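Inspection log for the structure reproduced underneath, given as structure tokens.
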Amino acid sequence: MTDQTQESSNFILDAVREDLESGRFNYVRTRFPPEPNGYLHIGHAKAICIDFETAQAFGGTTNLRFDDTNPVKEDVEYVEAIKEDIRWLGFDWGDREFYASDYFEQLYEFAVQLIKKGKAYVCHLSPDEIREYRGTLTEPGRESPYRNRTVEENLELFERMRKGEFPEGACVLRAKIDMASGNINMRDPVMYRIIHAPHHRTGNKWCIYPMYDFAHGQCDSIEGITHSLCDLAYEDHRPLYEWFIRELGIFPSRQIEFARLNLTYTILSKRFLKQLVEEGHVRGWDDPRMPTLRGMRRRGYTPEAIRKFISMVGVSKKESVVDVALLESAVRDDLNLRAPRVMGVIDPVKLIITNYPVGQVEELEAINNPEDPAAGSRKVPFSRELYIERDDFREEPPPKYYRLAPGREVRLRWGYIIKCVNYVKDPQTGLVSEIHCTYDPETRGGYAPDGRKVQGTIHWVSAPHALDAEVRWYDRLFTVPNPNQPEEGKTFLDYLNPESMKIIKGCKVEKSLGNAKPGDRFQFERKGFFCVDPDTTDSLLVFNLTVTLRDTWAKIEQKLK
RNA sequence: UGGGGGCUCGUCCAACGGCAGGACAGCAGACUCUGGAUCUGUUGAUAGGGGUUCGAAUCCUCUGCCCCCAGCCA
């Protein structure tokens, strides 16, 4: 019992604990800092969980801070979407919602402070020249000719930058650090650049904007963030993060980096996801095949399942690719406990019970969720004509197949035991078009009073009562585990799975689904978990396949081949 | 040939000088009115060499491999 709840620790939690014990900090505050330039995906969910849960573990709080320092890439549309997704995931930042742009004035003052200390200067080198002066990975850079201007001159120039006296690209403010540093980030990094573009929050108030490096750490510090948890990509930036804080003499937030999430059979790069949407490879940011939180939500994944998955993945500094099967397992595990069961026939074939009275209808009782007695039961209509799954009947059953076949018995879930006496084929297509069975009236509810064993149980719907439905059957978006590493001459697009979505029309589902609402989740017995899509109309139910059930028979059948 | 990181079952994560463990996946079985769920069992790993130590995945050292950094993006 207790081993089950064993507290899962990780290197970040360890570090925070040490900081508290050593007195480096006496409280914990983290932040989740998205740039409002796109939609959140499962990779962000990892960061969100780590940020919020690390703070929670020590009774601390987490700020939501939009890193809006580049007006040309950002939009309010995204801030609303991001907030919505974080809330959906189940995290609450209370009133601690901030924007880097809230601190533009303060940041400007910090810059002035550094200029006065002789630690920053205005540089007129062009972008190309800056790159050239920066040196290479193996050669040191050279100092800018503008590096040793007087404080007064720098102060004046920087003020004129702010006033808009220069066009974009004319000059930048740089930190004066070390052009020979092995760490390229320390070779006089740009602190401010000129962008004559309106900002989604500050409008036209500013035309100079701080770079990430000059904004992030200072914002952390201003907000009293103790632990600034971020991507491994920023490891190289930590010396700079600490340099600014030290030179400014402000609150010393601590940056700790962890490995970002990668998942098999998908991509999590914002740029590539955008390409999928814009080139029409998927139907939008909320396409159920997308690894975005909106996509997963529409697909039917629950926030609980996603959080569970993130906790199962763990936290480390090792770059890794997590098997998407782990995610699917978390989703099944969660849905298994909460999704009501219903009967839905994806690929229907007509079944006629020849000895059942024409016109007779019975209401049979079906349990809603065997995992949850509180879910109760419902009545499902039964009649002479049913639909069953085409795959649940074989003219010539393979070994170990224990569904319906000529002369064989099978149980209709919650119904009767039936026996196949005949079947008819469509001469045109060669497909079975009708299956004729007799039922055993003694077996109502599925129980055999004589104790005879009936191995197979199949799902069904009453033909005259069934509702029409469209099912969108999803598979992996890509055909290979790691589309991020294409072969020579290929791109991730070459690995798109052409069968990632199959639209199946003509499905038949039980009557009780008539009042299902978009977002409702069900288990179609023996098939999988499905979620009602917002495309559903009064006349047509549309379901998304969330995830299939484990299919042992499919494995057996595979082996037989 | 600069700087910063990383290498433990197929995958992800533990083990913090003391029996290499868990989850997912796989395999085998039990049970079952979902070939679901559940339960049981099981396969399977410390990158390599040297050293310290009673004892090393863990400490030291050498080697190898992988990732990141040369935006006026974040």
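The structure displayed is predicted, hence computed values, not measured ones. Just so it is clear: chains get the letters A, B, ... in the order the sequence lines come, proteins before strands, and each one is counted from 1. Below, each value reflects all heavy atoms present in this structure, side chains not excepted, and no hydrogens, waters or symmetry copies.
- Atom-to-atom, CH2 of A:Trp414 to C1' of B:U32 comes out at 12 Å; the value is rounded to the nearest Å.
- Listed nucleotides: B:G4, B:G35, B:A14. Nearest to the side chain of A:Asp236: B:G4.
- Atoms CG (A:Asp323) and C1' (B:C9) sit 14 Å apart, rounded to a whole Å.
- In this structure, B:U1 forms no base pair with any nucleotide, since neither Watson-Crick nor G-U wobble geometry is met with both distances under 3.5 Å.
- For B:U8, there is no paired nucleotide, since no Watson-Crick or G-U wobble pair has both relevant distances below 3.5 Å.
- At a cut-off of 3.5 Å, with distance as the only test, no side-chain donor of A:Tyr241 or A:Gln218 sits close to an acceptor on the other residue.
- At a threshold of 4.0 angstrom between heavy atoms, the contacts of A:Pro140 with the nucleic acid are absent.
- Note: NE2 (A:His237) to P (B:G71) measures 11 Å, nearest angstrom.
- A:Ser269 and A:Asn484 share no donor-acceptor pair across their side chains, judged by distance under 3.5 Å alone.
- Applying the 90° cutoff around 0 to the glycosidic angle, B:G26 is assigned anti.
- Note on ring orientation: taking the six-membered ring where Trp is involved, the planes of A:Tyr78 and A:Tyr39 are perpendicular (angle over 60°, cut-offs 30° and 60°).
- Using a 4.0 Å heavy-atom cutoff across all strands shown, A:Tyr209 reaches no nucleic acid atom at all.
- Under the 3.5 Å distance criterion, with hydrogens and angles disregarded, no donor-acceptor pair is assigned to the side chains of A:His459 and A:Arg413.
- Residues A:Tyr265 and A:Asp323 bring no donor and acceptor atom of their side chains to less than 3.5 Å of each other.
- Comparing B:A74, B:G36, B:C69 against the side chain of A:Ile184 picks out B:C69 as the nearest.
- Using modelled atom types, one finds a donor on one side chain and an acceptor on the other under 3.5 Å when comparing A:Glu139 with A:Thr136.
- Judged by ring centres under 5.5 Å apart and planes tilted less than 30 degrees, A:Tyr212 fails to stack against the six-membered base ring of B:A74.
- Distance CG (A:Asn70) to C1' (B:C73): 6 Å, rounded to an integer number of Å.
- A:Arg411 comes within 4.0 angstrom of a base, heavy atoms only.
- Distances from the side chain of A:Lys555 to the nucleotides B:G2, B:G26, B:G35 place B:G26 closest.
- Set against B:G71, B:G6, B:G35, the side chain of A:Lys318 has B:G6 as its closest nucleotide.
- Look at B:C54: its Watson-Crick or wobble partner, with both distances under 3.5 angstrom, is B:G18.
- At whole-Å resolution of the value, CZ in A:Arg238 and C1' in B:G3 are 13 Å apart.
- When the nucleotides B:C27, B:C68, B:G35 are ranked by their closest atom to the side chain of A:Tyr401, B:G35 comes out on top.
- As rounded to whole Å, 16 Å separates atom C1' of B:C66 from atom NZ of A:Lys317.
- Across all strands shown, B:A28 pairs with B:U40; the Watson-Crick or G-U wobble distances both stay below 3.5 Å.
- If you check every strand for non-hydrogen atoms under 4.0 Å, A:Gln523 touches a base.
- Between A:Val172 and A:Met312, the residue whose closest nucleotide on RNA chain B is further toward the 5' end is A:Met312.
- Per the geometry, CG belonging to A:Leu240 stands 13 Å off P belonging to B:A74, to the nearest Å.
- Between A:Asp14 and A:Thr443, the residue whose closest nucleotide on RNA chain B is further toward the 5' end is A:Asp14.
- Relative to the side chain of A:Leu137, the nucleotides B:C69, B:U34, B:A25 differ in distance, and B:C69 lies closest.
- Classification of the A:Phe166-A:His124 ring pair by plane angle, with boundaries at 30° and 60°, yields perpendicular.
- Nucleic acid contact for A:Lys400: base, since at least one base atom lies under 4.0 Å from a heavy atom of the residue.
- Nearest to the side chain of A:Asn336, among B:U8, B:C69, B:G36, sits B:G36.
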